[in-house]
Amino acid sequence: MNILAQIRGRFAQALGQLVDDPSELLDMVRSSQDAKFGDYQANCAMPLGKRLSRPPREIAEEIVQHLKIDDLCEPPQIAGPGFINLRLRSDWIVERLEAAGVDERLGVELTADPKTYVIDYSAPNVAKPMHVGHIRSTVIGDSLYRTLRFLGHRVIGDNHIGDWGTQFGMIIYGYRNFCDVDAYEASPVAELARLYRLVNTLVDYQASHDGLAAIEQQITEKSKLLETQQAAPPTGDKKADKKSAKAVRKRQGQVNDLRTELKATKEKIATIDADPVLSKQLSEHPAIRKACLAETVRLHDGDADNLRLWEEFLPPCREDIERIYRRLGITFDYTLGESFYHDRLAAVVDDLREKKIAVESDGAMCVFFEGDDVPMIVQKQDGAFLYSTTDLATLQYRVDTWGADAILYVVDHRQALHFEHLFSAARRWGYDQVELKHVVFGTVLGGDGRPYKTRSGDTVGLEGLLDEAIRKAHEVVSAGDDAKPDGPELDEEARSRISEVVGIAALKYADLSQNRSSDYTFSYEKMLALSGNTATYMQYAYARVRNIFARGQIDAAALRSDTAAIIVDHPAERAMALALLQFSEALEQTLVDYRPNLLTDYLFALANQFSTFYQQCHVLKAETEELRTSRLKLADLTARVIKQGLALLGIEVVEKM
RNA sequence: GCCCCCGUAGCUCAACUGGAUAGAGCACCGGUCUUCUAAACCGGAUGUUGCAGGUUCGAGCCCUGCCGGGGGUACCA
């Protein structure tokens, strides 16, 4: 039951008598922002008045006259310049809510237009340990997956892991040169991770070392430019002078950044130079950078030994990320990484060339775009393919094999240009019927306001974060249990189990509740917060409902089949009932632009409403038996909607906390 | 140079894509547990929505120009 859709239907009929196509005007029918304006409002009389050159209030009157809605609403009120305010009839609310109460889906209808969605999310590099930067894509993608599926779409979750890149060249090189055989036998994952870190450190050292001269040269060049800019005499033109002053500041900033970088690089080099073991390894492997690249190339060329090693390494690497997914409660239908597509890439480029979509430029195969000087390169000068190529092959596979109607890419904002290119190229290639959507999310920023980067040392590993979240939840759960009026009721096993659920939920919720497009400042405090607008708040509301049922020894199944009426005389009861009925709208709104924070907003408002209701309307000690039953039904529905809503966010509930 | 994103309360963020008096959480102040879990509730203070114009019945949202921050930008992913 979607109330808004019902009301819009009525308006469509009424407006149809005033204009030919009311569809645009129907968007202006919405739920009220403020309860004093009623429950819903229509704002379409104003623009219509403009269009018909008549006073908007007069138009509003006319709309109301045509409107057949008295079975749902009390008589509409016209206010201000021509707002039409609607207040739902309480008996209608009750009727709809009772229908939702006997519905497994809580009144949320399946979509009338089921589509096949492919969601591309998480996609970590399996050779590296997962870190905090992977959370966003993973939890946002998972939530969209669950929500679309709940509404009846066919949804395919595809984890496009990085399993074919240079990092495997590094591991192969590390295995051949530095492997501790006993350690590898004991725990392949741990040893491979160590090898990756080691080789990465060495390669990074060489890159830093080789890059020093370049940085210094840049400093010299930019300093010179800066001097010239500073020496330039004022032109007398205020605007021009202001502009050049700005340029000087910018240049100064560049020079400062470079100096900082130089200093950091030198320190990094010095640290490793001071380490006798690493220094020795470096002197023994002077060409490690090139050697790693060579291993990667051999792997891609089908070298039997490297392929065998890759096949040996991949399962433990995947098992390692699987462990994290299990803890997070995340699953995928497919995990088709880069390697899955490597033997399709040549054909992709051939096809693009034949269709004149890709052309040669500077020895590389490129797709050019109108109004954009930067092409998308699909094959390098040396013949190697790039991730653009893989993404095209992947898109092709998803449409051809799965019949995707839509592909959602839950990926960092910094790849916006890449996706613009990819989508544009795909459409030219003939994939113009599929909805391609870059579900952008903001960059994870470090405490310094700059993009969060993984560097050895300051990396916040994902596992450590999970442990910390659970540890902190345990403190809060224990304190809460100890403070219960009748004394603690949870044993240690229960506390641990609850802490796990609460901790993981806090972590996910911190991400999901934020508008995905804004940048995200990484903060332990925020991610692990357990009061205020958090998952904990909703889990607590849920547990309180369950506690009412436990205290009163209420059989929920029997209650649901009880035909006694729901009563919404108290304002808190009515508000509760209305909020429950708006679940469907919240889900629809969430999917308009794939924004889970609209669902968290709804659930927070719902749980908030319940807290007020809980305070003001005693359930078990209600004045009459009828009222008691009615309130039990409201409480039961609240618990079910919270549980279902959180489930769509990938968050679980507990019966006690 | 060119392109994209962002700027909202002390802090972290919303604002249903142009609607009525811009809202939450945190932090702060006051009140509420012999009554279903106080992880809560009730009340209080907090704003020139970066600045200046424009569009219109109406602008945080759209347009133009500034200021400030971030990102991207030919063979990394």
Side-chain angles (χ1 to χ4, degrees), chain A residues 4 27-28 30-34 36-37 41 43 46-47 49-50 55-56 79-83 85 123 125 162 165-167 239 242 246 338 361-366 371-382 384 386-388 390-391 412-418 420 440 442-443 445 449-451 476-477 479-481 483-486 489 502 513-515 517-519 521 523 525-526 529-534 536-537 539-541 543-545 547-552 585-586 589-590 592-593 595 597-598 601-602 604-605 608 611-612 614-616 618-621 635 656-657:
Chain A
L4 187 56
D27 290 341
M28 296 175 195
R30 54 189 51 184
S31 62
S32 295
Q33 208 154 14
D34 195 317
K36 70 171 173 254
F37 300 130
Q41 61 178 212
N43 305 333
M46 285 82 81
K50 183 80 183 168
F83 293 103
N85 292 335
N125 207 316
T166 46
Q167 67 281 15
K239 210 170 164 184
K242 224 174 152 186
K246 190 187 164 186
E338 293 168 334
S361 171
D362 280 351
M365 290 306 294
C366 301
D372 193 346
D373 342 317
V374 183
M376 179 172 83
I377 298 176
V378 293
Q379 186 170 24
K380 302 202 294 183
Q381 279 177 335
D382 64 9
L386 297 104
Y387 86 128
S388 300
T390 309
D391 275 359
D412 189 317
H413 159 249
R414 281 174 290 185
Q415 294 193 35
L417 182 62
H418 165 68
E420 222 175 276
V440 179
T443 313
L445 303 175
R450 302 189 78 100
V476 175
V477 168
D481 191 40
K484 277 176 188 162
D486 302 333
E489 52 178 8
V502 170
S513 59
Q514 178 158 346
N515 182 333
S517 62
S518 36
D519 282 348
T521 304
S523 144
E525 290 70 36
K526 191 181 172 181
L530 298 168
S531 62
N533 182 2
T534 62
T536 314
Y537 182 86
Q539 290 169 322
Y540 183 64
R544 290 211 286 195
V545 176
N547 193 53
I548 293 172
F549 280 69
R551 284 270 167 150
E585 281 168 45
Q589 204 57 49
T590 297
V592 167
D593 197 32
R595 298 196 326 197
N597 72 304
L598 296 179
D601 283 356
Y602 166 77
F604 180 61
N608 208 355
S611 288
T612 302
Y614 183 85
Q615 196 77 19
Q616 297 183 3
H618 208 288
V619 178
L620 293 176
K621 292 187 181 165
K656 285 184 179 180
M657 63 191 284

S.K.: What interatomic distance, in whole Å, is found between P of B:rG7 and the corresponding atom of B:rC16?
M.R.: 13 Å
S.K.: Is there a side-chain polar atom (N or O) of A:Arg595 under 4.0 Å from OP1 or OP2 of B:rA15?
M.R.: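 For B:rA15, OP1 or OP2 has a side-chain N or O of A:Arg595 closer than 4.0 Å.
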S.K.: How many whole angstroms separate atom CD1 of A:Ile377 from atom P of B:rA77?
M.R.: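 For the pair A:Ile377 CD1 and B:rA77 P, the rounded distance is 11 Å.
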S.K.: Quiz question: going by heavy-atom distance under 3.5 Å, is there a donor-acceptor pair between the base of B:rA74 and the side chain of A:Ser361?
M.R.: yes
S.K.: Ignoring backbone atoms, test whether A:Ser518 places a side-chain nitrogen or oxygen under 4.0 Å from the OP1 or OP2 oxygen of B:rA14.
M.R.: yes
S.K.: Check every strand shown and say whether A:Asn515 touches a base, only sugar-phosphate, or nothing at a heavy-atom separation below 4.0 Å.
M.R.: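 Touches sugar-phosphate only.
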S.K.: Going by a 90° cut-off around 0, is B:rU17 syn or anti?
M.R.: syn
S.K.: Between atom NE2 of A:His418 and atom CG of A:Asp391, what is the distance when rounded to the nearest 0.5 Å?
M.R.: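 Going from NE2 on A:His418 over to CG on A:Asp391, the span is 4.0 Å.
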S.K.: Using the C1' atom on both, measure B:rA14 against B:rG23 and round to a whole Å.
M.R.: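 Per the computed distance, 7 Å lies between those C1' atoms.
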S.K.: For A:Gln415, answer base if it contacts any base atom (sugar-phosphate contacts may also be present), sugar-phosphate if it contacts only those atoms, and nothing otherwise; contact means non-hydrogen atoms under 4.0 Å.
M.R.: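 Base: the residue A:Gln415, judged by heavy atoms under 4.0 Å, touches a nucleobase.
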S.K.: Indicate, with a heavy-atom threshold strictly under 4.0 Å, whether A:Pro375 touches base, sugar-phosphate, or nothing.
M.R.: base
S.K.: I'd like the C1' distance from B:rC13 over to B:rC29, given in whole Å.
M.R.: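 Rounded to whole Å, the distance is 23 Å.
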S.K.: Mind checking whether A:Ser611 and A:Tyr537 have side chains closer than 4.5 Å, heavy atoms only?
M.R.: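 SC-SC contact between A:Ser611 and A:Tyr537 confirmed.
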S.K.: Would a 4.5 Å heavy-atom cut-off, applied to side chains only, mark A:Lys656 and A:Asp481 as touching?
M.R.: no
S.K.: Does the pair A:Leu598 and A:Val592 meet the rule for a side-chain contact (heavy atoms from CB on, under 4.5 Å), with working shown?
M.R.: CA-CA 10 Å; A:Leu598 296 179; A:Val592 167; over 6 Å; no
S.K.: Would you say B:rA39 has OP1 or OP2 under 4.0 Å from some side-chain N or O of A:Tyr540?
M.R.: yes
S.K.: Taking B:rG47 as the reference, what is the distance to B:rG10 when you measure between their P atoms (whole Å, please)?
M.R.: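 Pairwise P distance, B:rG10 against B:rG47, rounds to 7 Å.
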S.K.: Name the nucleic acid region contacted by A:Val502, choosing base, sugar-phosphate or nothing; use a 4.0 angstrom heavy-atom cut-off, strictly under.
M.R.: nothing
S.K.: Looking at every non-hydrogen atom in both residues, tell me the closest pair between A:Met657 and A:Thr536 and how far apart they are.
M.R.: CE-CG2, 3.9 Å
S.K.: Could you measure the distance from the CG atom of A:Asn597 to the CG atom of A:Asn515? Nearest 0.5 Å is fine.
M.R.: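 Between A:Asn597 CG and A:Asn515 CG, I get 5.0 Å after rounding to 0.5 Å.
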S.K.: Considering only atom P, compute the distance from B:rC61 to B:rA15 and round it to an integer number of Å.
M.R.: 15 Å
S.K.: Tell me if B:rC67 is syn or anti. Syn = glycosidic torsion within 90° of 0, anti otherwise.
M.R.: anti
S.K.: Reading RNA chain B 5' to 3', how would its secondary structure be written in dot-bracket notation, given Watson-Crick and G-U pairs with both distances under 3.5 Å, brackets [ ] for crossing pairs and | for partners on other strands?
M.R.: (((((((..((((.....[...)))).(((((.......))))).....(((((..]....))))))))))))....
S.K.: Classify A:Ala364 by what it touches in the nucleic acid, base, sugar-phosphate, or nothing, heavy-atom distance under 4.0 Å.
M.R.: base
S.K.: Could you go through A:Leu386 and A:Met376, starting from their C-alpha distance and side-chain angles, then the distance that decides it, and tell me whether this counts as side-chain contact (heavy atoms from CB on, under 4.5 Å)?
M.R.: CA-CA 10 Å; A:Leu386 297 104; A:Met376 179 172 83; over 6 Å; no
S.K.: Categorize A:Met657 for me: base, sugar-phosphate, or nothing, with a 4.0 angstrom heavy-atom threshold over every strand shown.
M.R.: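 Answer is base: heavy atoms of A:Met657 come under 4.0 Å of a base.
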S.K.: Taking B:rU21 as the reference, what is the distance to B:rC63 when you measure between their P atoms (whole Å, please)?
M.R.: 24 Å
S.K.: Base, sugar-phosphate, or nothing for A:Ala483, non-hydrogen atoms under 4.0 angstrom?
M.R.: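 No contact.
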S.K.: Which is true for A:Thr612 with a 4.0 Å heavy-atom rule: it touches a base, it touches only sugar-phosphate, or it touches nothing?
M.R.: sugar-phosphate
S.K.: When you check the phosphate oxygens OP1 and OP2 of B:rA14, does a side-chain N or O of A:Asn597 lie under 4.0 Å from one of them?
M.R.: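 The answer is no; no side-chain N or O of A:Asn597 sits under 4.0 Å from OP1 or OP2.
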S.K.: Expressed in angstrom and rounded to an integer, what is the separation of A:Met376 atom CE from B:rA77 atom C1'?
M.R.: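 The answer, rounded to whole Å, is 14 Å.
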S.K.: Quick one: A:Tyr537 OH to B:rA38 C1', roughly how many Å, whole number?
M.R.: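 Going from OH in A:Tyr537 over to C1' in B:rA38 covers 12 Å.
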S.K.: To the nearest 0.5 angstrom, please state how far the CD1 atom of A:Ile377 sits from the SG atom of A:Cys366.
M.R.: 4.5 Å
S.K.: NA contact type, A:Leu620, heavy-atom cut-off 4.0 Å: base, sugar-phosphate, or nothing?
M.R.: base
S.K.: Looking across every strand, which nucleic acid part, if any, lies under 4.0 Å from A:Val374 by heavy atom: base, sugar-phosphate, or nothing?
M.R.: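 It contacts sugar-phosphate atoms only.
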S.K.: Please give the distance between the P atoms of B:rU8 and B:rG60 as a whole number of Å.
M.R.: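 The same atom, P, in both gives a distance of 15 Å.
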S.K.: Just how far, in rounded Å, is P of B:rA74 from CG of A:Asp372?
M.R.: 10 Å
S.K.: Whether the side chain of A:Gln167 engages the backbone of A:Asn125 through a donor-acceptor N/O pair (distance < 3.5 Å, no angle test) should be reported.
M.R.: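 Looks like no, no N/O pair under 3.5 Å.
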S.K.: Using side-chain heavy atoms (C-beta onward) and a distance below 4.5 Å, is A:Tyr602 in contact with A:Gln589?
M.R.: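 A side-chain contact is absent here, since even the closest heavy-atom pair is not under 4.5 Å.
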S.K.: Hey, is A:Tyr614 doing a stacking thing with B:rC36, by the 5.5 Å centroid and 30° angle criteria?
M.R.: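 Stack criterion met.
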S.K.: Output the rounded distance in Å from CD (A:Gln514) to P (B:rC11).
M.R.: 16 Å
S.K.: Summarise how protein sits on nucleotides 19-35 of chain B as a single string, 5' to 3': B when a protein heavy atom is under 4.0 Å from the base, S for sugar-phosphate-only contact, - for no contact.
M.R.: BBB--SSS--------S
S.K.: Return the value, rounded to whole Å, for the distance between atom CZ of A:Arg414 and atom P of B:rU73.
M.R.: 10 Å
S.K.: P atom, B:rA38 versus B:rU32: distance in rounded Å?
M.R.: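 Straight-line distance between the two P atoms is 15 Å.
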S.K.: Could you check whether any side-chain heavy atom of A:Ser517 comes within less than 4.5 Å of a side-chain heavy atom of A:Arg595, counting everything from C-beta outward?
M.R.: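 No, side chains not in contact.
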S.K.: For A:Leu417 and B:rC2, what is the distance between atoms CG and P respectively, to the nearest whole Å?
M.R.: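 After rounding, the gap between these two atoms is 16 Å.
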S.K.: A:Glu420 CD to B:rC2 C1': how many Å, rounded?
M.R.: 13 Å
S.K.: Is a side-chain donor or acceptor of A:Asp382 paired with a backbone partner of A:Ala384 at a separation under 3.5 angstrom?
M.R.: yes
S.K.: For the residue pair A:Gln41 and A:Asn85, establish whether any side-chain heavy-atom pair is separated by less than 4.5 Å.
M.R.: yes
S.K.: Does the side chain of A:Thr166 get closer than 4.0 angstrom to OP1 or OP2 of B:rC76 through an N or O atom?
M.R.: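 Looking at the OP1 and OP2 atoms of B:rC76, neither is under 4.0 Å from any side-chain N or O of A:Thr166.
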